[in-house]
Protein chains: 2
Amino acid sequence: MMIDIDLLLACGAAYKKVSAGEVIFREGSNCLFYYQLVSGSVRWINVDDEGHEFIQTIIDEGECFGEIPLFDEGPYAATAIAEEDSVLIRLHRSSFNQLLKDSPDIHFAFSHLLAKRVRFKFLLLKALALNAPEARIATLIKYLKAENKNFCPKCNQLKLTRQQIADMTGLRVETVIRAMRNMHDKGELVIEKGKVYC
Amino acid sequence: MMIDIDLLLACGAAYKKVSAGEVIFREGSNCLFYYQLVSGSVRWINVDDEGHEFIQTIIDEGECFGEIPLFDEGPYAATAIAEEDSVLIRLHRSSFNQLLKDSPDIHFAFSHLLAKRVRFKFLLLKALALNAPEARIATLIKYLKAENKNFCPKCNQLKLTRQQIADMTGLRVETVIRAMRNMHDKGELVIEKGKVYC
DNA sequence: CCTGTTTTATGCGTAGAATCATACCTGAAG
DNA sequence: CTTCAGGTATGATTCTACGCATAAAACAGG
């Protein structure tokens, strides 16, 4: 989901560059902007007291993010951090709201997006609550592949480290590494020189 | 979130009675109606091969449910089962769509609702991925209390069995019972004759 | 008040994920 | 080619939630 950049600029949006590791917004803080990722990548995480991360999602080029508070008036539910040097475009929330009011089509596109977000969370919650490590990982990979997210369709390669997969499934790196080796041995995916193909 | 019943009826909605245990719609099936719960309660679940349930949410009187596919055109992400004898009101999806188009206010109310759904899922996923049993349960209870969901504000009593809490947090009954006894001993909640007050 | 059913309670052995330690690839930079 | 860092691999040990068994409350119905 992405709004046309020219339209955004016409509404008063501005580009913003962020460097790898920079925090774009923090869990619990107020939402001031609508954000869209022009280039780079952003990870959207929760952190606990021991420093363990849960990655809600990793945002690729051309996706918007942090849109929930724009619709329900709450604070951010997670922290957005640039994974690599990235370029964002951002629009003040009041302008975004006006845009929604003026354009029912855009509003419907966002309802669609929100519904998809809920759907993905349903899927992952089900997997975390009911499934053992291998099945959790399989669920995540299947979803990412279907959505072409964090995935290269040309070379069929998953663009995530074991650590990132662990942080998206509530597991530890070692567990993910072992589980995925198993899946490789069972022919459920291919690991070659550490890279994952599926 | 609930649409005015007179308005729904004017759009062609109809009442429907269901008995306890009856399936209203099933995971994976197509969405034909918008549903609203008039009386009773409905649980919205995923089931795995071994028969273990994950309860995505328990719907109380006056809430709508199963709205995701109406917005993203996908199949149902979970199965809805009547917990007790209940009365629903349902509206054909085409009429619902028309209603959204005709009434931007209602459309905005649903965007708000969808955003809240995503927010709750964020919260729970974070808890399932990062937290031990007690903290998971605490997160769930805190949320339910704040939303007055499955909770009696008059007597401060949680209206869920340990089994239901287990099925909402990806734990086993015994684990939940033990964890909640602990929380009681630590003064984090009160258990009296098996009932939970917080 | 008795009876049966549902829910809560508690003990105990076990499976398996977390944790810690260590070593090995792999690709990028000099 | 060598060095180095980030990622992957693997063994050993700990820890705790699970799974099963059994019992005791709590409650509804007759």
Side-chain angles (χ1 to χ4, degrees), chain A residues 20-21 41 43 48-55 58 83-85 127-138 150 155 157-185 189-198, chain B residues 20-21 41 43 48-55 58 83-85 127-138 140-141 150 155 157-185 189-198:
Chain A
S41 94
R43 79 178 187 282
D48 73 1
D49 347 298
E50 284 109 44
H52 290 136
E53 281 190 7
F54 175 67
I55 302 180
I58 295 179
E83 275 276 298
E84 41 187 316
D85 294 353
L128 287 201
L130 297 177
N131 295 341
E134 288 188 29
R136 284 194 210 182
I137 296 167
N150 317 133
C155 48
Q157 192 194 323
L158 191 63
K159 299 188 295 178
L160 293 174
T161 64
R162 309 288 189 278
Q163 181 67 62
Q164 288 174 322
I165 295 173
D167 290 347
M168 294 175 90
T169 50
L171 300 166
R172 300 285 163 234
V173 214
E174 301 93 328
T175 305
V176 170
I177 288 170
R178 281 186 257 253
M180 290 183 75
R181 263 278 130 231
N182 249 338
M183 293 164 80
H184 166 87
D185 293 345
L189 47 77
V190 177
I191 299 178
E192 228 166 69
K193 300 200 179 192
K195 290 186 177 67
V196 182
Y197 303 89
C198 47
Chain B
S41 94
R43 80 179 187 283
D48 73 0
D49 348 298
E50 284 108 44
H52 291 135
E53 280 190 9
F54 175 67
I55 302 180
I58 295 180
E83 275 278 298
E84 41 188 317
D85 293 351
L128 286 202
L130 297 177
N131 294 340
E134 287 188 28
R136 283 196 211 182
I137 296 168
L140 177 69
I141 291 180
N150 316 133
C155 48
Q157 192 194 322
L158 191 63
K159 299 187 296 176
L160 294 174
T161 64
R162 309 288 189 280
Q163 182 66 62
Q164 289 175 320
I165 295 172
D167 289 347
M168 295 175 90
T169 50
L171 301 166
R172 299 286 162 230
V173 213
E174 302 93 324
T175 305
V176 170
I177 288 170
R178 281 185 258 252
M180 291 184 74
R181 263 278 133 229
N182 248 339
M183 294 164 80
H184 167 87
D185 293 346
L189 47 78
V190 176
I191 298 178
E192 228 167 67
K193 300 202 178 188
K195 291 188 177 66
V196 181
Y197 302 89
C198 46

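Residue numbers start from 1 in every chain, and the chains themselves are labelled A, B, ... in the order their sequence lines are given, proteins ahead of strands.
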Report yes or no: does [X] contribute a side-chain atom to a donor-acceptor pair with the main-chain N or O of [Y] at less than 3.5 Å?
X	Y	result
A/D85	A/A20	yes
B/R136	B/N131	yes
A/N150	A/I58	yes

Self-check item: Reported CG-to-CD distance for the pair B/L171 and B/Q163, which is rounded to 0.5 angstrom
Solution: 11.0 Å
Quiz item: Which value, rounded to the nearest 0.5 Å, describes the distance between A/R172 atom CZ and A/E174 atom CD?
Solution: 8.5 Å
Please tell me if the side chains of [X] and [Y] come closer than 4.5 Å, counting only heavy atoms from C-beta onward.
X	Y	value
A/L158	A/I165	yes
B/M168	B/L160	yes
A/V196	A/R162	yes
B/R181	B/H184	yes

Whole Å only: how far is the [atom1] atom of [X] from the [atom2] atom of [N]?
X	N	atom1	atom2	answer
B/L130	C/dA18	CG	C1'	14 Å
A/L189	D/dT8	CG	C1'	15 Å
A/R172	D/dG7	CZ	C1'	18 Å
A/H184	D/dT8	NE2	P	15 Å
B/E50	D/dG19	CD	C1'	12 Å
A/E134	C/dG16	CD	C1'	12 Å
A/Q164	D/dG7	CD	C1'	11 Å
A/I137	C/dG16	CD1	C1'	14 Å

Quiz item: What one-letter contact string describes nucleotides 5-11 of chain C from 5' to 3', where B marks a base within less than 4.0 Å of any protein heavy atom, S marks contact via sugar-phosphate atoms alone, and - marks no contact?
Solution: ---SBBB
Exercise. With axes from five pairs an end, tell me the bend angle of the helix from C/dC1-D/dG30 to C/dG30-D/dC1, nearest 10°.
Key: 50°
Self-check item: Residue whose nearest DNA chain C nucleotide is more 5′ - A/E192 or A/L171
Solution: A/L171
